[in-house]
Amino acid sequence: MKLPKHLRDFAQKHNFTWDAKANLLYGSWQGYYFTIAQHPSGRPTHIITLSVGQTDGQPAPALSSILGNLQPDYKYLTNFSVDGYQAKISFQCRFAPQVKTYMQQMDEFVDALCRRLQSAQLVNCCQKCGSPEGVSSCLANSNPLLLCQNCRETAAQQIAETAGEMKKRRGNFLSGAVGAILGSLLGVAAWVLVYRLGYIAAIVGLIMIVCTFKGFSLFGGKLNVPGILFCVVLSAAMLYVGEQVAIAWDIYDTFRTDFSVTFFQAYQSIPTFMEYDEFRRAVIADMAYGYLFMAAGGFSVIWSTYKQHNVAPTLQVLESVTSIAPAASSPVSSEPDAGQQ
């Protein structure tokens, strides 16, 4: 993925590095190390991550309150979480015309955050153990990490073991196909149920492909390329089956009292009803929306499933992270932070 336009000036200003494969900006800002993950769709939605602690390696109780005090001043800051030493901050822009203001506010937020971290005398540290020594920025399967040398070695050993197990793992296509069929039947049931409740069943197109892939994985173990192709074709076919069952049930409900129609007869009558334009258009619309949702969400499901079963995990060291020396006495400015748009 190319560096999105809305991030280009931002990255140049702060001399951040762009990793196209991981959709990630990373670098130091006023001595603190940040990673900024760009949403895969390219829209202005970002996860800002940092890992800080006290100089003695202890967690920073003040970190949550620092972020909590800043949040009301920045309307695009939708959420944040603190887990031990690591903080994750979510920024989201809903409307394209606001992108310029959004990026300016994100810039101002991180600047204000750095000043408060300095005031609290916090330093970059390992997100696992809190050590400020020998910390490096890493990517574990495109997930950003800050790790000290000991934790990096432990993580590398665990990843090597996982990769070895992945190579040894074998799949069973036949049992996987059985699992996929069972999973797709759950998708059919969901399609019919939503249809019967009077809602548009299109979202079940995505549920269908998830159920199918999950069924194959549970019964067949490793999911390789032939298994993926089988699941895709099966999902598309079973979505059609789900629509046929749903409209047959609709016909059955309508005519069973006056004409004593059985469900099987209602199913057989579908081609006759398809000759009517209004009926045919409604069925085609249902199917089109279902396949649209399946295609839109299915790619990420397929890719993540393929990686989970076939791509060995890796740990890539990006660069060394130098902790700043804590300020001797630098109280938080009494002036309000910028960003109150």
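Counting begins at 1 with the first residue of the sequence.
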Which pair of heavy atoms, one from [X] and one from [Y], lies closest together, and at what distance?
X      : Y      : answer
Cys125 : Leu146 : O-CB, 3.9 Å
Gln265 : Ser260 : OE1-O, 3.9 Å
Leu70  : Arg116 : CD2-NE, 3.6 Å
Tyr26  : Glu319 : CD1-OE2, 3.3 Å
Ala87  : Val82  : CB-CG2, 4.2 Å
Gly187 : Met208 : C-CE, 3.5 Å

Using modelled atom types and a 3.5 Å cut-off, is there a donor and acceptor pairing between side-chain atoms of [X] and backbone atoms of [Y]?
X      : Y      : value
Glu243 : Gly290 : no
Tyr267 : Val245 : no
Ser269 : Ala266 : yes
Asp107 : Met103 : no
Asn124 : Pro132 : no

*Can you tell me if CZ on Arg196 sees more than 12 non-hydrogen neighbours from other groups inside 6.0 Å?*
yes
*Do other residues, nucleotides or ligands put more than 12 heavy atoms under 6.0 Å from the CH2 atom of Trp249?*
no
*Salt bridge or not for Lys88 and Asp83, using N-O below 4.0 Å?*
no
_Less than 4.0 angstrom from a charged side-chain N to a carboxylate O is my criterion; do Arg115 and Asp111 meet it?_
yes
*List, by chain and then residue number, the residues other than Phe264 in its hydrophobic cluster (Ile/Leu/Val/Met/Phe/Trp/Tyr, side-chain heavy atoms under 4.5 Å); write none if there are no others.*
none
*Given a cutoff of under 4.5 Å between side-chain heavy atoms of I, L, V, M, F, W and Y, with clusters grown through shared members, what are the other residues clustered with Leu315?*
Leu145, Leu147, Ile159
Is it true that [X] and [Y] fall in one hydrophobic cluster, defined by side-chain heavy atoms closer than 4.5 Å?
X      : Y      : value
Met274 : Val261 : yes
Tyr85  : Ile89  : no
Tyr291 : Ile207 : yes
Phe263 : Val283 : yes
Val225 : Phe216 : yes

_I want to check something: taking the side chain as every heavy atom from C-beta on, are Val317 and Arg152 in contact at a cut-off of under 4.5 Å?_
yes
_Validation row: Leu24, Leu139 side chains within 4.5 angstrom (heavy atoms)_ = yes
*How long is the span from the OG atom in Ser119 to the CD1 atom in Ile66, to the nearest 0.5 Å?*
7.5 Å
*Give, for atom CG of Leu77 and atom NZ of Lys75, the distance between the pair rounded to the nearest 0.5 Å.*
13.0 Å
Do [X] and [Y] make the cut of ring centroids closer than 6.0 angstrom?
X      : Y      : value
Phe230 : Phe173 : yes
Phe10  : His14  : yes
Phe91  : Tyr76  : no

*Partners of Ser90 by side chain to side chain donor-acceptor pair (under 3.5 Å), sequence neighbours excluded?*
none
*Just jot down the side chain to side chain donor-acceptor pair (under 3.5 Å) partners of Ser137, sequence neighbours excluded, or say none.*
Tyr33
_By the salt bridge (Lys or Arg N to Asp or Glu O under 4.0 Å) test, which pairs, at least two apart or in different chains, include something from residues 268-282?_
Asp277-Arg280
*Give the ring-plane orientation class for Phe109 versus Tyr74, where under 30° counts as parallel, over 60° as perpendicular and anything between as tilted.*
perpendicular
*Can you sort out the partners of Tyr276 under ring-ring contact (aromatic ring centres under 6.0 Å, His included), two or more places apart, ordered by chain and number?*
none
*Assess the side chains of Glu153 and Gln157: does a donor N or O sit below 3.5 Å from an acceptor N or O?*
no
*Side-chain donor-acceptor pair under 3.5 Å between Thr212 and Ser235, yes or no?*
yes
*Apply ring-ring contact (aromatic ring centres under 6.0 Å, His included) to the pair Phe34 and Phe16, showing each step before the final yes or no.*
CA-CA 9 Å; Phe34 292 88; Phe16 273 30; 7.2 Å; no
